[in-house]
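Notes for the one structure printed next.
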Amino acid sequence: MSSELAALPAPVGAGVFNVYTGAAAGTVIPTAAQLGLEPPRFCAECGRRMIVQVRPTGWWAKCSRHGHVDSTDLDTQR
């Protein structure tokens, strides 16, 4: 990743926990998540369950400790 691009927000960035299962990082990612059909449900930093709102145009997720992330923010980093 180039230094010009901002790092992913803590709730979905590279962390200790799998954002789809809450298990330790490096575990199997569910098929629906691999296909892009599932939003992240757990914070990558702390493993806490996040508040997630799915809408027709995307989703947003909020960790009580690490903040808010929106799918539209991540689209600009692709």
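Nothing here was measured: the structure is a model prediction, and the numbers come from that model. Residues take their numbers from the sequence shown, with the count starting at 1.
A salt bridge links Arg55 to Asp70: one of the charged nitrogens lies within less than 4.0 Å of a carboxylate oxygen.
Here the closest non-hydrogen pair linking Val52 and Ala61 is CG2-CB, 4.1 Å. Summarising the geometry of Pro39 relative to Trp59, their closest heavy-atom pair is CB-CG, 3.7 Å, with the distance given to 0.1 Å. In plain terms, the two heavy atoms of His66 and Cys43 that are nearest each other are ND1-SG, 3.4 Å.
Under the rule for a side-chain contact (heavy atoms from CB on, under 4.5 Å), the partners of Thr21 that lie at least two apart in sequence or sit in another chain are Asn18, Ala23, Thr27, Pro30. Listed by chain and number, the residues in a salt bridge (charged side-chain N to carboxylate O under 4.0 Å, His left out) with Glu45 amount to none (sequence neighbours excluded).
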Please assess Lys62 against Met50 for the test side chain to side chain contact (heavy atoms under 4.5 Å, CB included), listing each intermediate value before the final yes or no. CA-CA 5 Å; Lys62 180 181 176 187; Met50 295 191 291; 5.8 Å; no

Can Trp60 and Ile51 be said to form a side chain to side chain contact (heavy atoms under 4.5 Å, CB included), step by step? CA-CA 8 Å; Trp60 62 261; Ile51 299 169; 3.9 Å; yes

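Val19 forms part of a hydrophobic cluster together with Tyr20, Ile29, judged by ILVMFWY side-chain heavy-atom separations under 4.5 Å.
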